[in-house]
Structure formats: C-alpha cells, structure tokens
Amino acid sequence: MGVLEVGGLLLFILLLLLTGGVWIAMALAIVGWVGQAFFVNTKPGANLFSAFWETTASWELAALPLFLWMGEILFRTNLSAQMFDGLAPWLSRVPGRLMHTTVLGCGIFGSVSGSSAATCATIAKVALPELDKRGYDRNLALGSLAAAGGLGILIPPSITMVVYAVAADASVIRLFLAGFLPGLLVMALMSGYIAWWSLRHPDKVPPGEAPSSFVDKLRRTGALIPCALLIVFIVWVLVAGWATATESAAFGVLGSLVIAGVGRSLTWQNFWQGLVGATRLSCMIMFILAGAAFLTKTMAFTGIPRELAEAVAAAQLSSYSLIAVLVVVYLVLGTALDGISMIVLTSAVVLPLVQKAGFDLIWFGIFIIILIEIAEITPPVGFNLFVLQNMTGIDSNRIARATVPFFVCLLAAIALITLFPAIVTSVPDALMGVSR
C-alpha cells in the first residue's frame, strides 16, 4: 500500500472513531497505534510512552493551567461580568455590540499566552456565559471563539514562531515584529464579518443599551481598570524580558486573586471551584495534546508529510502557483497534524523551494502561521474545536460549521498578505532595517 493510501486509511479510521463517540485523545492515540503496528516497523508501545511524556513534561506547557485558572477566577468571581458591563456602553452602537469581545479578548490574551488552546479556552470561559446571558447568537459566538483563538500563535510572543525561526534559521525578533500587523488584519476581518452578520440579522442581536452620558460611561468603565492593568502588566513583564510566559501566567493568577479579594468577590468556595475547573480543563487539553503527539509520530514514520512536500517540489510550479499548492498541502496536513509538527516535518523540503521562488522567509513564516490557525478549526483534528466541544458539550461538527465564515476570513488574510507582502515585512524592516 502506498504512503498516501495509508494516510487516507488512517484518516478514515479516525473519522470512524470520532463519529462513534470515542474520546478524542483516545481516538488519536488508537489511530497512531494502528499506523505504527501495521504500516511501520517500530515499537508503538515505546513511542506512545515517549510521545505522552515529551508532550506533558514541558515547562512551556505549565503556562496553560495557570492561564486557565486565571480565566476561572475571572469567571467565578464576577470580574468577567464587570468587564462586560464596562464595555457595553461603548459598544452599544457598533453592529454586533458585545460579540466583538470574543475577537478583541482573544487578540489581547493571545499577546500574553502564545498558545492557541489557552487563548481559546480562557476567553471562552469568560465570554460565553456572559454572551449567553445577554442573548447573543450561540453559533456566532462559538465560531468566532474557535477561529480567534488562533491569534494566540499569530500575535507574538509565540512558541510556534520560535520553532519556525529555528527551522528556517531566521530572526525570532523579526518574526515576532512581523506578526503584529497580520494579527490586527485578522482581527479586523473577523470583526468586520461580525458587524456584517449583525446588520443582516438584526433580530438575532440583543437591543443596545439606552444612551448614557459620557460621565456615566466613564464611571462604568472604572470596572475595567483593574483587569486592564493586570493584562498590561502581564504583557509588560513578558515583552521586557522580566518573566517567561509561565512566570507571567503565575503573575496573572496572583493578580486575579488580589483583584477579586479586594473587590470582596473571592470566597473559599469559588476559589476551590475555580481550581478544580482549571485542573479538569487542563487535563483534558493535555490528554488531547499527548494523543495528537503520538499520531504525529506515526505520520512522521509513514513519511506522508515528506511525500506531499516532495510532490510539490517535483511539479516545478511558478511562484504564485507554488503558494496556491502549498495552501492546499498545509490545509490537508492540518486535518491530521498540529502546527509545530507541520513545520518540522516539511521545512527541509519546502523552505528551499520558497527561497528559490523569491519569497522572504519571514513573510513565509507568517503565511504558515495563518495556515496553522486554519488547521486549528479544520476537522477532524481541529484542536480549538475539541477544546470548545469539551467545554460546552456541543458537537465539534456543529462548531466547525459555525467557523466556516471565519475560515474564509483567514483565507482572505492569506490572499491579502500574498498580494501586499508589506503587511508582514514593513514593521520589522522599519524597526530593524531591510533584511538582505
């Protein structure tokens, strides 16, 4: 059986298990085991252990439960309700109103966490209950959260960017700087769609608040100040190099506890409930990550990513044809691989092709990051879909359908940065000089 036929068979088995109700992490691990036991001459047991250990025994991953705990604290101590109450008067005349907080929150938090899963889970924990309570459309909220969660890897700092920079022998700082404008572009496109959808469906958008005076708006905005200062502080210590992502997450938890304590909304009961909730969600995410890592090992052993990349190289396409084909290849890989694995397994073949076609490697890094964002919402292994499914109990296929308009927004972002590469390169060129 050929390599691509093996890949098709494994994908079919995965879809069969997921539709049969098998736990997501178990389904990923089972497919990985089948692939190694029947199609690769390896020891699946040893690789299963190493994949689970390497994935979960990570210092960088320690930031995930801390950020999730911060989100639980904000949710269970009514700080999230105060934040939404402070934003409401300012967004009352904007089409979509508070629905924009999903994109805005993911953009801001993404600059702190650097993780798609942490961004999606934390903002969903805070935003979904508030949007449901106010009567906003659940499908639009789920779709925007799943897609905007990917901003955690596009807006620096980002672990995925660091991996790409190492693989491409490129400047990490230039790559970080290159992510800002594309991140804002993606946020603008998603918010633009939310505004357009709201104008088309006014009956599904809750009525705006009664007009209030500027002084009243400022008074209600006071509820935003403590949490806003906390976010600014986390970003500041991270960008200044005073703390790692994990340490800044710990600062976030401590700051949330202090704010809730001073506001007299922190009790032993909600403290314990928040800790238990964050633990459960962290274990779920880590279990899925471990299963995906094992499946990734199987894909690497079978040689499917390398086979696809070599097929692209053999086609000898023109520059823009090459980009179009790479979009398709990475979208296909995104159905079965996580973002870091997509970079590691294809860089040796793809990067020389891109350089030969005349594309800047920094630009191509952002191009891949946006494609990885799309992979996060592409079934059957769309990780943000799994996160929201486990948080809400809603089937991942329904969530995937809700993300379709935002999927198109991400494709539009890819088209725009391809037609206007200065969107990516202008900031690093302005601050660090034009690269040679």
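No side-chain heavy atom of Phe367 sits under 4.5 Å from any side-chain heavy atom of Val354. The side-chain heavy atoms of Ser144 and Ile194, taken from C-beta on, include a pair separated by under 4.5 Å. Residues Ile374 and Ile414 form a side-chain contact, since some pair of their non-hydrogen atoms from C-beta on lies under 4.5 Å apart. Proximity of Thr298 to Val31: side-chain heavy atoms (C-beta onward) are nowhere separated by under 4.5 Å. In this structure, Tyr330 and Ile372 have side chains that are not in contact, with every pair of non-hydrogen atoms separated by 4.5 Å or more. At a threshold of 4.5 Å between non-hydrogen side-chain atoms, the residues Thr267 and Asn270 count as touching. For the pair Pro421 and Ile417, the minimum side-chain heavy-atom distance is 4.5 Å or more. For the pair Phe180 and Leu185, the minimum side-chain heavy-atom distance is 4.5 Å or more.
In plain terms, the two heavy atoms of Ala141 and Leu128 that are nearest each other are CB-CD2, 4.0 Å. Residues Arg138 and Ile394 come closest through the heavy atom pair NH1-CD1, 3.1 Å. For the pair Glu373 and Leu410, the tightest heavy-atom approach, listed with the atom from each and the gap, is OE1-CD2, 3.9 Å. When all heavy atoms are compared, the tightest approach of Ile155 to Gly107 is CD1-O, 3.6 Å. Closest non-hydrogen pair, Ile423 versus Leu181, comes out as O-CB, 3.3 Å. Contact between Cys409 and Leu189 at its shortest, heavy atoms only, is O-CD1, 3.4 Å.
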Test log, rule side chain to side chain contact (heavy atoms under 4.5 Å, CB included), inputs Leu361 and Tyr164: CA-CA 10 Å; Leu361 288 184; Tyr164 173 82; 3.9 Å; yes
Check against side chain to side chain contact (heavy atoms under 4.5 Å, CB included), Thr403 and Thr378: CA-CA 9 Å; Thr403 64; Thr378 305; over 6 Å; no
Chi angles and distances behind the side chain to side chain donor-acceptor pair (under 3.5 Å) call for Asp137, Asn139: CA-CA 6 Å; Asp137 185 79; Asn139 284 340; 4.9 Å; no
Audit row: Val329, Val325, side chain to side chain contact (heavy atoms under 4.5 Å, CB included) steps and yes/no: CA-CA 6 Å; Val329 168; Val325 170; 4.1 Å; yes
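With rounding to the nearest 0.5 Å, the separation of CD1 in Ile323 from CH2 in Trp363 is 4.0 Å. Taken from CG in Leu385 to CZ in Arg401, the straight-line distance is 11.5 Å, to the nearest 0.5 Å. From Thr418, atom OG1 reaches atom CD1 of Ile370 across 8.5 Å, with rounding to the nearest 0.5 Å. Annotation: the span from Tyr136 atom OH to Thr102 atom OG1 amounts to 11.0 Å, rounded to 0.5 Å. Within the model, atoms CG of Asn384 and SG of Cys120 stand 4.0 Å from one another, a figure rounded to the nearest 0.5 Å. Summarising the geometry, atom CG belonging to Leu145 is positioned 8.5 Å from atom CE belonging to Met99; distances are rounded to the nearest 0.5 Å.
Taking the six-membered ring for Trp and thresholds of 30 and 60 degrees, Phe251 and Phe233 have ring planes more than 60 degrees apart, a perpendicular arrangement. Classification of the Phe294-Trp33 ring pair by plane angle, with boundaries at 30° and 60°, yields tilted.
At distances below 3.5 Å, not a single donor-acceptor pair connects side-chain atoms of His201 with backbone N or O atoms of Trp196.
Annotation: Phe271 is in aromatic contact with Trp69 [ring centroid separation under 6.0 Å].
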